[in-house]
Protein chains: 2
Amino acid sequence: MPTEPPLPPEAAGAPEATRGRRPSTTRADVARAAFGLFDRQGFDETTVDEIAAAVGISRRTFFRYFESKRDVVWGEFDVELVRLRDRLAEAPDREPLLDVLRRSVVATNRFGAGELDELRTRMVLINTVPELVAHAAVRYEAWCAVVAAFAARRLDASPDDLGPQTVARAALGVAMAAFARWAGGAADDLSDEVDRAFRLLATGFDEARLRT
Amino acid sequence: MPTEPPLPPEAAGAPEATRGRRPSTTRADVARAAFGLFDRQGFDETTVDEIAAAVGISRRTFFRYFESKRDVVWGEFDVELVRLRDRLAEAPDREPLLDVLRRSVVATNRFGAGELDELRTRMVLINTVPELVAHAAVRYEAWCAVVAAFAARRLDASPDDLGPQTVARAALGVAMAAFARWAGGAADDLSDEVDRAFRLLATGFDEARLRT
DNA sequence: TCCCATTTTGACATCAAGTGCAGGAAATGG
DNA sequence: CCATTTCCTGCACTTGATGTCAAAATGGGA
């Protein structure tokens with residue numbers, strides 16, 4: 001038991017001397033097939049059996065690649081979370097708390113033109129399908145934990161204190177608002193929208209500025 | 001089709017001359033039985049069959065009283081939401097946006113000593129059981145919609161604009177933080193904690209004030 | 001080359017949440 | 001006693017998710 005026990009297939013980057021039978025597909029392939037079906041017939045109307053059939057694996061094997069049907073939508077979220085944590089940790093101590101947060105969140109969510117379409121599809125699903133809206137909360141908790149930990153460090157407090165907790169959840173809130181607006185087509189540039197959202201937060205929602 | 005079609009039993013207050021067979025139990029009774037089981041064996045470990053058996057109804061009937069097992073936890077949330085909307089609507093136009101919000105949320109969540117225990121149980125479940133954490137997001141969306149509508153009115157904007165959306169989600173965030181801390185035992189007085197959370201938000205999370 | 005350890009896969013069984021439907025049971029008014 | 005209304009129930013069915021166990025594939029060593 002030297003390494004990770006329940007890590008999904010192809011998690012390690014090195015395709016070195018693999019010992020046993022090799023995986024018949026990849027998470028990415030499964031996700032691709034799933035997205036195709038989601039696009040055509042919707043999330044709820046797509047059964048796990050259909051996805052599995054589309055990739056040529058059994059239903060049981062699907063659940064070895066993804067813990068649940070919902071998780072298909074969340075691609076590399078875990079990785080991005082680590083990147084956010086690192087960015088927050090690297091920020092200079094003198095920079096104001098919310099500035100660091102704003103810069104880091106914006107930076108973490110810069111995507112190439114090629115990724116934007118898929119990201120939008122994902123975000124639309126996440127903000128639209130009730131089951132995914134619900135499940136998102138679980139993922140966002142991890143995000144909050146990262147931000148709360150950072151705020152706690154900055155404020156010399158415990159992550160469970162009111163300060164870090166409110167900062168984290170409020171930050172999550174404004175970020176969600178920005179993302180939802182971008183996914184819904186109400187905003188053109190994701191980075192801009194996130195930036196504006198965090199600036200509003202930093203003003204304490206000053207009514208004069210809110211009207212702009 | 002004059003009134004509501006899918007309204008749960010005992011929704012109307014007047015127990016007047018009821019025509020057909022009368023309901024064999026009430027939502028409150030079902031909820032009570034369910035909470036008892038949740039307390040003893042946990043939410044996931046309690047099946048709908050068990051709850052139904054405890055109240056002496058069939059599994060099928062349970063789903064006529066509650067849309068899902070999750071919904072049992074959410075008691076009178078819809079009613080409280082209406083109260084919040086009314087309170088927000090009644091606030092004087094001169095009072096600052098966040099002050100109205102703070103006052104209204106605090107006022108809406110004043111509970112008598114008798115209700116606090118049950119409320120705490122509920123909140124612990126909602127913040128603890130993954131399935132309920134997830135489902136809470138769906139309920140909170142309705143809350144956000146109410147707040148966003150209020151903010152939009154105040155700012156003479158659309159509820160979908162960035163201002164109202166960020167205000168609503170940030171407000172939700174700080175409120176959740178306060179509630180979670182109270183439910184977890186980190187705060188003694190719910191109203192106080194909510195009040196403090198909103199005051200932090202109104203300062204734009206000024207670092208000096210955050211350290212208190 | 002043959003066997004073994006390792007890893008993935010698949011078939012099967014099982015459980016629990018929901019849902020649609022058809023019919024039965026209780027209550028009221030005539 | 002009958003008609004009507006309302007509620008309850010049992011059953012079949014779909015779907016997501018999980019446990020178990022044996023078979024298939026693959027590399028390493030004797």
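In what follows, every heavy atom counts, from backbone to side chain, and hydrogens, waters and symmetry copies are set aside. Residue numbers begin at 1 in each chain, while the letters A, B, ... track the order of the sequences.
Counting only heavy atoms from C-beta on, B:S24 has its side chain closest to D:dC8 among D:dT5, D:dG16, D:dC8. For B:T61, the side-chain atoms get nearest to D:dC8 when compared with the rest of D:dG16, D:dC8, D:dT5. Taking only side-chain atoms of A:S58, from C-beta outward, the nucleotide of C:dG10, D:dT4, D:dA17 with the closest atom is C:dG10.
The pair A:D195-A:R199 meets the salt-bridge criterion, since a charged nitrogen lies less than 4.0 angstrom from a carboxylate oxygen. Look at A:R83 and A:D86 and you find no salt bridge, because none of the NZ, NE, NH1 or NH2 atoms lies under 4.0 Å from a carboxylate O. Residues A:E193 and A:R196 are paired through a salt bridge, judged by an N-O separation under 4.0 Å between the basic side chain and the carboxylate.
Rounded to a whole Å, the CD1 atom of B:I57 is 19 Å from the P atom of C:dA25. Between the NZ atom of A:K69 and the P atom of C:dA17 there is a distance of 18 Å, rounded to whole Å. A straight line from CZ of A:R27 to C1' of C:dT9 spans 18 Å, rounded to a whole angstrom. In this entry the distance linking CD of B:E67 with C1' of C:dG20 reads 15 Å, nearest Å. Residue A:D49 contributes atom CG, which lies 14 Å from atom C1' of C:dC12 at whole-angstrom precision. A straight line from CG of B:D44 to C1' of C:dC15 spans 13 Å, rounded to a whole angstrom. Rounded to an integer number of Å, the gap from B:E131 CD to D:dA17 C1' is 12 Å. One atom, OH of A:Y65, and another, C1' of C:dT9, lie 9 Å apart when rounded to the nearest Å.
Remark: the A:R60 side chain and the D:dG19 base include a donor-acceptor N/O pair separated by less than 3.5 Å. Below the 3.5 angstrom threshold, one finds no donor paired with an acceptor across the side chain of B:R64 and the base of C:dT19. The base of D:dG16 sits within donor-acceptor range of the side chain of A:R59, with an N or O pair under 3.5 Å. A donor and an acceptor atom sit less than 3.5 Å apart, one in the side chain of A:R21 and one in the base of C:dT8.
Taking each heavy atom of B:W182 and B:D189 in turn, the nearest pair found is CD1-C, 4.1 Å.
Each of B:V48 and A:G56 lies near DNA chain C, and the nucleotide nearest A:G56 is the one positioned closer to the 5' end.
When the side-chain nitrogen and oxygen atoms of B:R19 are compared with OP1 and OP2 of D:dC7, none of them lie within a distance under 4.0 Å. A close approach under 4.0 Å does not occur between any side-chain nitrogen or oxygen of A:R70 and OP1 or OP2 of D:dG16.
Relative ring orientation between A:F43 and A:F38 is described as tilted, the plane-to-plane angle lying within the 30° to 60° band.
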